[in-house]
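Structure first, commentary second.
Basis for what follows: all heavy atoms, side chains included, without hydrogens, waters or symmetry-related copies.
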Amino acid sequence: MSSPTPDALLGPADVRELAAALGVRPTKQRGQNFVIDANTVRRIVRTAEVRPDDVVVEVGPGLGSLTLALLEAADRVTAVEIDDVLAGALPTTVAARMPERADRFALVHSDAMHVTELPGPAPTALVANLPYNVAVPVLLHMLDTFPTIERTLVMVQAEVADRLAAGPGNKVYGVPSVKANWYAEVRRAGSIGRNVFWPAPNVDSGLVSLVRRTEPVKTTASKREVFAVVDAAFAQRRKTLRAALAGWAGSAAAAEAALVAAGVSPQARGEALTVEEFARIAERRIAEHEE
(Lines give C-alpha, C1' and ligand atoms only; values in the text may rest on other atoms or scores of the structure.)
Protein backbone atom coordinates (compact mmCIF):
# COMPACT_ATOMS: atom_id res chain seq x y z
CA MET A 1 0.00 0.00 0.00
CA SER A 2 1.27 3.44 -0.83
CA SER A 3 1.07 6.10 1.84
CA PRO A 4 -1.60 8.80 1.49
CA THR A 5 -0.76 11.75 -0.74
CA PRO A 6 0.20 14.79 1.33
CA ASP A 7 -2.11 17.75 0.68
CA ALA A 8 0.44 19.84 -1.22
CA LEU A 9 1.40 17.18 -3.76
CA LEU A 10 -0.76 16.04 -6.65
CA GLY A 11 -2.40 12.64 -6.60
CA PRO A 12 -4.25 10.88 -9.46
CA ALA A 13 -7.57 12.63 -8.80
CA ASP A 14 -5.87 16.06 -8.50
CA VAL A 15 -4.06 15.60 -11.82
CA ARG A 16 -7.23 14.57 -13.64
CA GLU A 17 -9.25 17.41 -12.08
CA LEU A 18 -6.62 19.97 -13.02
CA ALA A 19 -6.40 18.64 -16.56
CA ALA A 20 -10.20 18.65 -16.93
CA ALA A 21 -10.48 22.21 -15.59
CA LEU A 22 -7.85 23.36 -18.10
CA GLY A 23 -9.25 21.30 -20.97
CA VAL A 24 -5.84 19.61 -21.24
CA ARG A 25 -5.43 16.29 -22.98
CA PRO A 26 -1.85 14.98 -22.91
CA THR A 27 -0.50 14.95 -26.46
CA LYS A 28 1.81 12.39 -28.03
CA GLN A 29 3.24 15.17 -30.19
CA ARG A 30 4.83 16.75 -27.11
CA GLY A 31 5.53 13.43 -25.44
CA GLN A 32 3.36 14.39 -22.47
CA ASN A 33 2.79 11.83 -19.73
CA PHE A 34 1.87 13.37 -16.38
CA VAL A 35 3.15 11.79 -13.15
CA ILE A 36 0.19 11.03 -10.87
CA ASP A 37 2.02 9.43 -7.95
CA ALA A 38 3.33 11.56 -5.08
CA ASN A 39 5.67 8.82 -3.85
CA THR A 40 7.36 8.72 -7.26
CA VAL A 41 8.08 12.47 -7.38
CA ARG A 42 9.43 12.34 -3.83
CA ARG A 43 11.66 9.44 -4.86
CA ILE A 44 12.94 11.45 -7.83
CA VAL A 45 13.78 14.40 -5.56
CA ARG A 46 15.59 12.07 -3.11
CA THR A 47 17.51 10.34 -5.90
CA ALA A 48 18.48 13.75 -7.31
CA GLU A 49 19.89 14.61 -3.85
CA VAL A 50 18.22 18.02 -3.96
CA ARG A 51 19.56 20.17 -1.13
CA PRO A 52 17.96 23.10 0.71
CA ASP A 53 20.38 25.53 -0.97
CA ASP A 54 19.82 24.22 -4.52
CA VAL A 55 18.47 26.33 -7.35
CA VAL A 56 16.71 23.75 -9.50
CA VAL A 57 15.67 24.13 -13.11
CA GLU A 58 12.89 21.82 -14.30
CA VAL A 59 12.04 21.29 -17.97
CA GLY A 60 8.51 20.28 -18.98
CA PRO A 61 6.77 20.63 -15.59
CA GLY A 62 3.34 19.83 -17.03
CA LEU A 63 0.67 20.19 -14.34
CA GLY A 64 3.27 20.58 -11.58
CA SER A 65 3.57 17.15 -9.89
CA LEU A 66 7.37 17.19 -9.73
CA THR A 67 7.53 20.99 -9.37
CA LEU A 68 5.74 20.87 -6.01
CA ALA A 69 8.00 18.09 -4.70
CA LEU A 70 11.07 20.08 -5.80
CA LEU A 71 9.78 23.22 -4.07
CA GLU A 72 9.49 21.25 -0.81
CA ALA A 73 13.20 20.41 -0.95
CA ALA A 74 15.06 23.15 -2.86
CA ASP A 75 15.74 26.83 -2.23
CA ARG A 76 14.26 27.86 -5.58
CA VAL A 77 12.71 26.21 -8.63
CA THR A 78 12.53 27.61 -12.16
CA ALA A 79 10.28 25.68 -14.53
CA VAL A 80 10.57 25.89 -18.34
CA GLU A 81 7.30 25.07 -20.10
CA ILE A 82 6.49 25.39 -23.81
CA ASP A 83 2.74 24.66 -23.62
CA ASP A 84 0.64 27.85 -23.40
CA VAL A 85 -2.13 26.41 -21.22
CA LEU A 86 0.19 24.55 -18.85
CA ALA A 87 2.53 27.55 -18.52
CA GLY A 88 -0.45 29.79 -17.72
CA ALA A 89 -1.80 27.46 -15.02
CA LEU A 90 1.34 26.39 -13.17
CA PRO A 91 1.95 29.56 -11.07
CA THR A 92 -1.69 29.35 -9.90
CA THR A 93 -1.26 25.70 -8.90
CA VAL A 94 1.92 26.50 -6.97
CA ALA A 95 0.29 29.47 -5.20
CA ALA A 96 -2.78 27.42 -4.26
CA ARG A 97 -0.99 24.29 -3.03
CA MET A 98 2.24 25.73 -1.61
CA PRO A 99 1.57 29.42 -0.87
CA GLU A 100 4.51 29.69 1.56
CA ARG A 101 6.93 28.71 -1.26
CA ALA A 102 5.31 30.56 -4.16
CA ASP A 103 7.88 33.38 -4.04
CA ARG A 104 10.60 30.73 -4.57
CA PHE A 105 9.09 29.69 -7.90
CA ALA A 106 9.65 31.18 -11.36
CA LEU A 107 8.19 30.17 -14.71
CA VAL A 108 9.85 30.56 -18.10
CA HIS A 109 7.29 30.14 -20.89
CA SER A 110 9.53 28.97 -23.71
CA ASP A 111 10.90 26.07 -25.70
CA ALA A 112 13.77 24.70 -23.58
CA MET A 113 15.89 24.34 -26.73
CA HIS A 114 15.84 28.14 -27.10
CA VAL A 115 16.43 29.09 -23.47
CA THR A 116 19.76 30.83 -22.99
CA GLU A 117 19.17 32.56 -19.65
CA LEU A 118 17.06 32.02 -16.55
CA PRO A 119 15.71 34.49 -13.97
CA GLY A 120 17.23 34.66 -10.49
CA PRO A 121 20.35 32.91 -9.21
CA ALA A 122 22.24 30.51 -11.50
CA PRO A 123 20.86 26.94 -11.43
CA THR A 124 22.82 24.31 -9.50
CA ALA A 125 20.69 21.30 -10.47
CA LEU A 126 18.48 20.11 -13.32
CA VAL A 127 15.66 17.71 -12.43
CA ALA A 128 13.08 16.85 -15.07
CA ASN A 129 10.65 14.35 -16.51
CA LEU A 130 11.79 15.00 -20.08
CA PRO A 131 9.42 14.55 -23.01
CA TYR A 132 10.53 11.36 -24.73
CA ASN A 133 10.82 12.80 -28.23
CA VAL A 134 13.28 15.61 -27.35
CA ALA A 135 15.02 14.26 -24.24
CA VAL A 136 18.61 14.04 -25.51
CA PRO A 137 18.84 17.39 -27.36
CA VAL A 138 17.16 19.22 -24.45
CA LEU A 139 19.49 17.60 -21.90
CA LEU A 140 22.64 18.43 -23.90
CA HIS A 141 21.46 22.00 -24.56
CA MET A 142 20.83 22.65 -20.85
CA LEU A 143 24.19 21.19 -19.78
CA ASP A 144 25.97 23.25 -22.41
CA THR A 145 24.11 26.51 -21.76
CA PHE A 146 24.20 26.43 -17.95
CA PRO A 147 27.66 25.32 -16.76
CA THR A 148 26.63 26.00 -13.14
CA ILE A 149 24.38 22.91 -13.21
CA GLU A 150 26.42 20.47 -11.12
CA ARG A 151 23.90 17.64 -10.73
CA THR A 152 21.23 16.41 -13.09
CA LEU A 153 18.57 13.76 -12.72
CA VAL A 154 16.29 13.16 -15.67
CA MET A 155 13.49 10.70 -16.21
CA VAL A 156 13.49 9.48 -19.81
CA GLN A 157 12.35 6.48 -21.83
CA ALA A 158 14.19 3.39 -20.54
CA GLU A 159 15.90 2.83 -23.89
CA VAL A 160 17.20 6.43 -23.89
CA ALA A 161 18.36 6.03 -20.28
CA ASP A 162 20.33 2.94 -21.29
CA ARG A 163 21.93 4.81 -24.20
CA LEU A 164 22.90 7.82 -22.13
CA ALA A 165 24.50 5.70 -19.40
CA ALA A 166 26.21 3.15 -21.69
CA GLY A 167 29.99 2.84 -21.71
CA PRO A 168 32.36 1.97 -24.59
CA GLY A 169 31.84 -1.56 -25.88
CA ASN A 170 28.15 -1.64 -24.96
CA LYS A 171 25.94 -2.28 -28.00
CA VAL A 172 23.76 0.76 -27.24
CA TYR A 173 26.76 3.08 -26.69
CA GLY A 174 26.52 5.87 -29.23
CA VAL A 175 26.32 9.62 -29.85
CA PRO A 176 24.17 10.43 -26.75
CA SER A 177 26.51 8.39 -24.51
CA VAL A 178 29.67 10.15 -25.71
CA LYS A 179 28.21 13.67 -25.72
CA ALA A 180 26.68 13.29 -22.25
CA ASN A 181 30.05 12.02 -21.03
CA TRP A 182 31.74 15.16 -22.39
CA TYR A 183 29.91 17.08 -19.66
CA ALA A 184 29.38 14.59 -16.87
CA GLU A 185 29.83 11.25 -15.17
CA VAL A 186 26.67 9.43 -16.22
CA ARG A 187 24.91 6.46 -14.60
CA ARG A 188 21.54 4.73 -14.52
CA ALA A 189 19.82 5.71 -11.27
CA GLY A 190 16.68 3.57 -11.26
CA SER A 191 13.60 2.50 -13.17
CA ILE A 192 10.07 3.90 -13.17
CA GLY A 193 7.03 1.78 -14.00
CA ARG A 194 4.26 2.80 -16.39
CA ASN A 195 1.44 2.96 -13.86
CA VAL A 196 2.66 6.19 -12.20
CA PHE A 197 1.82 8.16 -15.37
CA TRP A 198 -1.36 9.40 -16.92
CA PRO A 199 -1.82 8.36 -19.61
CA ALA A 200 0.30 5.25 -19.02
CA PRO A 201 2.98 5.16 -21.74
CA ASN A 202 3.63 1.95 -23.66
CA VAL A 203 7.30 1.99 -22.60
CA ASP A 204 9.09 1.92 -19.25
CA SER A 205 11.05 4.91 -17.98
CA GLY A 206 14.49 5.20 -16.44
CA LEU A 207 16.29 7.69 -14.22
CA VAL A 208 19.69 8.95 -15.32
CA SER A 209 22.07 10.77 -13.01
CA LEU A 210 24.68 13.13 -14.46
CA VAL A 211 27.29 14.70 -12.19
CA ARG A 212 29.27 17.39 -13.97
CA ARG A 213 32.95 16.66 -14.43
CA THR A 214 35.06 18.62 -11.97
CA GLU A 215 37.77 18.70 -14.64
CA PRO A 216 36.69 19.10 -18.27
CA VAL A 217 37.99 16.64 -20.87
CA LYS A 218 41.63 17.62 -21.38
CA THR A 219 41.93 18.63 -25.02
CA THR A 220 42.99 21.51 -27.22
CA ALA A 221 40.08 20.71 -29.57
CA SER A 222 36.80 22.56 -29.12
CA LYS A 223 33.55 20.81 -28.21
CA ARG A 224 32.29 21.43 -31.75
CA GLU A 225 35.38 19.78 -33.25
CA VAL A 226 35.15 16.76 -30.95
CA PHE A 227 31.40 16.34 -31.56
CA ALA A 228 32.01 16.44 -35.33
CA VAL A 229 34.24 13.37 -34.99
CA VAL A 230 31.64 11.63 -32.80
CA ASP A 231 28.83 12.33 -35.27
CA ALA A 232 30.93 11.04 -38.19
CA ALA A 233 32.02 7.90 -36.33
CA PHE A 234 28.47 6.83 -35.51
CA ALA A 235 26.79 7.94 -38.75
CA GLN A 236 27.92 4.59 -40.20
CA ARG A 237 28.54 2.63 -37.03
CA ARG A 238 29.20 -0.70 -38.77
CA LYS A 239 32.16 0.74 -40.63
CA THR A 240 35.69 0.88 -39.26
CA LEU A 241 36.81 4.32 -38.15
CA ARG A 242 39.12 4.54 -41.16
CA ALA A 243 36.09 4.32 -43.44
CA ALA A 244 33.57 6.13 -41.22
CA LEU A 245 35.83 9.17 -40.75
CA ALA A 246 36.92 9.42 -44.40
CA GLY A 247 34.39 12.16 -45.18
CA TRP A 248 35.24 14.09 -42.01
CA ALA A 249 39.02 13.87 -42.63
CA GLY A 250 38.89 14.39 -46.40
CA SER A 251 39.95 10.85 -47.31
CA ALA A 252 40.36 7.40 -45.78
CA ALA A 253 44.16 7.88 -45.79
CA ALA A 254 43.84 11.19 -43.90
CA ALA A 255 41.47 9.52 -41.42
CA GLU A 256 43.97 6.71 -40.90
CA ALA A 257 46.80 9.18 -40.31
CA ALA A 258 44.78 11.07 -37.69
CA LEU A 259 43.76 7.80 -35.98
CA VAL A 260 47.29 6.40 -35.85
CA ALA A 261 48.62 9.73 -34.54
CA ALA A 262 45.93 9.65 -31.83
CA GLY A 263 46.89 6.10 -30.85
CA VAL A 264 43.60 4.61 -32.08
CA SER A 265 43.41 1.58 -34.38
CA PRO A 266 42.00 2.52 -37.81
CA GLN A 267 40.15 -0.83 -37.71
CA ALA A 268 38.30 0.06 -34.47
CA ARG A 269 34.68 1.16 -34.50
CA GLY A 270 33.19 4.21 -32.81
CA GLU A 271 31.45 2.16 -30.13
CA ALA A 272 34.85 1.14 -28.68
CA LEU A 273 36.13 4.69 -28.03
CA THR A 274 35.98 6.91 -24.97
CA VAL A 275 35.21 10.63 -25.22
CA GLU A 276 38.92 11.29 -24.51
CA GLU A 277 39.92 9.20 -27.54
CA PHE A 278 37.48 11.08 -29.77
CA ALA A 279 39.06 14.31 -28.48
CA ARG A 280 42.56 13.04 -29.35
CA ILE A 281 41.46 12.24 -32.91
CA ALA A 282 40.03 15.77 -33.29
CA GLU A 283 43.29 17.22 -31.95
CA ARG A 284 45.43 15.24 -34.40
CA ARG A 285 43.40 16.41 -37.38
CA ILE A 286 43.73 20.03 -36.26
CA ALA A 287 47.48 19.57 -35.77
CA GLU A 288 47.83 18.16 -39.31
CA HIS A 289 45.98 21.16 -40.75
CA GLU A 290 48.29 23.52 -38.89
CA GLU A 291 51.51 21.80 -40.01
Side-chain angles (χ1 to χ4, degrees), residues 2-3 5 9-12 14-16 18-19 24-50 56-70 73 77 79-83 86 112-113 125-143 149 151-167 170-177 179-181 184-211:
S2 60
S3 57
T5 305
L9 301 191
L10 300 176
D14 301 313
V15 170
R16 289 188 173 90
L18 259 176
V24 167
R25 288 181 176 279
T27 71
K28 273 192 176 170
Q29 179 198 354
R30 289 205 169 139
Q32 289 168 329
N33 296 91
F34 300 132
V35 182
I36 55 173
D37 180 63
N39 292 325
T40 297
V41 292
R42 281 238 168 91
R43 178 187 155 199
I44 290 168
V45 171
R46 272 199 315 275
T47 306
E49 298 179 5
V50 174
V56 179
V57 57
E58 180 190 9
V59 174
L63 292 164
S65 302
L66 180 56
T67 315
L68 293 166
L70 287 167
V77 176
V80 180
E81 176 58 68
I82 189 173
D83 186 282
L86 295 173
M113 286 298 292
L126 165 65
V127 184
N129 167 22
L130 289 177
Y132 288 170
N133 49 352
V134 293
V136 172
V138 165
L139 172 64
L140 296 176
H141 170 75
M142 295 300 286
L143 289 173
I149 293 173
R151 284 162 293 118
T152 294
L153 188 82
V154 290
M155 178 158 56
V156 293
Q157 190 173 332
E159 188 186 332
V160 175
D162 290 340
R163 276 193 209 137
L164 282 167
N170 187 306
K171 66 177 189 296
V172 297
Y173 181 74
V175 172
S177 331
K179 291 185 178 178
N181 204 236
E185 301 295 333
V186 190
R187 65 177 177 85
R188 247 328 201 111
S191 298
I192 303 282
R194 306 173 189 200
N195 59 344
V196 302
F197 295 98
W198 172 69
N202 53 11
V203 291
D204 292 322
S205 298
L207 297 175
V208 181
S209 160
L210 301 98
V211 177

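Asn33 places a side-chain N or O within donor-acceptor distance of the main-chain N or O of Pro199, the cut-off being under 3.5 Å. Put simply, the side chain of Arg194 gets close to the backbone of Asn202: a donor and an acceptor are under 3.5 Å apart. The backbone N or O of Arg163 sits less than 3.5 Å from a side-chain atom of Ser177, completing a donor-acceptor pair.
Gly11 and Asp14 get closest at one heavy-atom pair: N-OD2, 2.8 Å. Across all their heavy atoms, Arg188 and Gly206 have their closest contact at NH1-CA, 3.5 Å. For the pair Ile44 and Met155, the tightest heavy-atom approach, listed with the atom from each and the gap, is CD1-CE, 3.7 Å. When all heavy atoms are compared, the tightest approach of Leu164 to Ala180 is CD2-CB, 4.0 Å. Taking each heavy atom of Ala112 and Val59 in turn, the nearest pair found is CB-CG1, 3.7 Å. When every heavy atom of Arg43 is checked against every heavy atom of Leu207, the shortest pair comes out as NH2-CD1, 4.2 Å.
Taking CD1 of Ile149 as the reference point, atom CG of Leu210 lies at 10.5 Å (rounded to 0.5 Å).
Under the 4.5 Å side-chain criterion, counting only non-hydrogen atoms from C-beta, Val127 is not in contact with Val45. Taking the side chain as every heavy atom from C-beta outward, Ile192 and Asp204 never approach each other to under 4.5 Å.
The stretch residues 130-139 participates, sequence neighbours left out, in no salt bridge (charged side-chain N to carboxylate O under 4.0 Å, His left out) pair at all.
Tested against Phe34, the residues Asn129, Leu10, Leu63, Leu66 include a single side chain to side chain contact (heavy atoms under 4.5 Å, CB included) partner, Leu63.
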